[in-house]
Amino acid sequence: MSQYGKAEYWEERYTRDPEPFDWYQRFTGVKDLVQACFTPESRLLNVGAGNSRLSEEMFDEGYQNITNIDISHVVTKAMQEKYKDKGPNFKYLHMDARAMDFEEGAFDGAIDKGTLDAILCGESSSSNAQKVIQEVHRVLGPKGVFFIISYGLPEHRLQYLEKPEYDWNVVVKQVHKPTISTSIAITNEDKDAPNVHYIYICTKGQPKGAKQ
């Protein structure tokens, strides 16, 4: 499914099918883990937000300072219109996660639901994935948390996250997959994986090896 790594695919997809779509999990499936990592006051970044309802559901739970970015002009414009009454701190911006227009330390947390997985399907996948992780690390504050929801097994994801240049500790959690079609993995890379999604919680300023 190499098209998932291409911006043109997402432009065409969101033009063809503008209805909300959630990869992997709705907020309820990860709510407890999110609440353990972030407070309602946290300045949050949703990386590759698409037209997922995740940020909307988090907003309704009190997380009202969320910046959502996506590489698709089509979906960004649609979401800006849809959520124009949510207030100035709930925003959608067209942006490439590999080169973000934010200052260093601008956020307390970043959430990725399927974006790294999609990038790893495309051309120059390892290089592009590393650029995104580097940028997220840069825009997170000293105790910031990168919260990743993925189908990828730890042996396929930790090689990107546990590099010496990242001053964060990585903890891996598991949540059960919903019994709906959106839980299907983007590719068959992990077709023999257990019936779970993996949550990678990368916490800056925490000793490596610490357990959450």
Side-chain angles (χ1 to χ4, degrees), residues 22-50 52-70 89-92 95 97-98 100 102 105-120 129-154 156-163 166-178 182-183 186 196-212:
D22 276 276
W23 293 100
Y24 307 162
Q25 297 281 335
R26 297 287 292 272
F27 178 56
T28 52
V30 295
K31 180 178 177 179
D32 290 346
L33 292 173
V34 168
Q35 290 179 331
C37 293
F38 309 119
T39 69
E41 292 74 35
S42 296
R43 301 164 300 162
L44 300 178
L45 172 68
N46 187 351
V47 182
S52 164
R53 289 158 290 195
L54 177 65
S55 289
E56 175 187 346
E57 292 167 348
M58 290 183 64
F59 184 94
D60 292 341
E61 286 285 333
Y63 295 90
Q64 300 189 355
N65 191 339
I66 305 178
T67 298
N68 303 273
I69 66 170
D70 201 277
N89 293 326
F90 189 85
K91 64 190 75 171
Y92 278 78
M95 197 174 295
R98 295 169 298 179
M100 292 189 258
F102 301 121
F107 297 97
D108 303 308
I111 298 175
D112 162 20
K113 185 155 72 81
T115 300
L116 275 177
D117 289 353
I119 289 170
L120 286 168
Q130 209 59 66
K131 288 177 182 177
V132 171
I133 297 168
Q134 289 169 351
E135 277 292 271
V136 170
H137 186 273
R138 181 183 67 81
V139 303
L140 285 176
K143 296 182 179 180
V145 177
F146 189 17
F147 188 99
I148 304 164
I149 304 167
S150 172
Y151 72 81
L153 292 163
H156 298 146
R157 294 295 177 267
L158 291 178
Q159 61 184 304
Y160 298 103
L161 299 171
E162 290 187 329
K163 289 186 175 292
Y166 302 138
D167 62 336
W168 56 30
N169 180 52
V170 183
V171 173
V172 184
K173 303 286 188 179
Q174 296 180 10
V175 294
H176 288 290
K177 292 179 180 178
T182 52
S183 68
I186 286 180
V196 297
H197 289 129
Y198 296 92
I199 313 298
Y200 297 93
I201 302 173
C202 311
T203 306
K204 292 180 74 173
Q206 188 179 79
K208 295 189 177 183
K211 296 181 178 180
Q212 266 182 339

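As the structure is a computational prediction, the values presented were derived from the model and not from experiment.
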Aromatic ring proximity F38/Y63, centre distance under 6.0 Å: no
Verify whether one side chain among T203 and N169 offers a donor that lies under 3.5 Å from an acceptor in the other. no
Going through the distances and angles, do E135 and K131 end up as a side chain to side chain contact (heavy atoms under 4.5 Å, CB included)? CA-CA 6 Å; E135 277 292 271; K131 288 177 182 177; 5.8 Å; no
Nearest-0.5 Å distance that lies between atom [atom1] in [X] and atom [atom2] in [Y]:
X: I133; Y: C202; atom1: CD1; atom2: SG; answer: 8.0 Å
X: F147; Y: I201; atom1: CZ; atom2: CD1; answer: 5.0 Å
X: F146; Y: I111; atom1: CZ; atom2: CD1; answer: 10.0 Å
X: S55; Y: F90; atom1: OG; atom2: CZ; answer: 5.0 Å
X: D70; Y: M95; atom1: CG; atom2: CE; answer: 11.0 Å
X: K177; Y: Y24; atom1: NZ; atom2: OH; answer: 9.0 Å

Would you call the rings of Y166 and H137 parallel, tilted or perpendicular, taking 30° and 60° as the class edges? tilted
Run the numbers on L116 and Y160 for side chain to side chain contact (heavy atoms under 4.5 Å, CB included), then give the verdict. CA-CA 10 Å; L116 275 177; Y160 298 103; over 6 Å; no
Could you tell me if the side chain of [Y] sits less than 4.5 Å from the side chain of [X], heavy atoms only?
X: Y151; Y: R157; result: yes
X: F107; Y: V136; result: no
X: F102; Y: T67; result: yes
X: H197; Y: V175; result: yes
X: L54; Y: Q25; result: no
X: Y198; Y: K173; result: no

Tell me if a side-chain donor or acceptor on [X] pairs with a main-chain N or O of [Y] at a distance below 3.5 Å.
X: E57; Y: F27; answer: yes
X: R138; Y: M100; answer: yes
X: D108; Y: G144; answer: no
X: R43; Y: A106; answer: yes
X: S52; Y: A49; answer: no

Return the set of residues passing side chain to side chain contact (heavy atoms under 4.5 Å, CB included) with T115 (not counting sequence neighbours), or none when no residue passes. V47, D112, I119
Nearest non-hydrogen partners of Y200 and G152, listed with the distance: OH-O, 2.5 Å
If you take all heavy atoms of G62 and P40, which pair is closest and at what distance? O-CB, 3.4 Å
Keeping to residues at least two apart or across chains, list the salt bridge (charged side-chain N to carboxylate O under 4.0 Å, His left out) pairs with something in residues 196-206. none
Salt bridge (charged side-chain N to carboxylate O under 4.0 Å, His left out) pairs touching residues 29-41, sequence neighbours excluded, are K31-E61
D22 and K113: CA distance, side-chain angles, deciding distance, side chain to side chain contact (heavy atoms under 4.5 Å, CB included) verdict: CA-CA 9 Å; D22 276 276; K113 185 155 72 81; 3.0 Å; yes
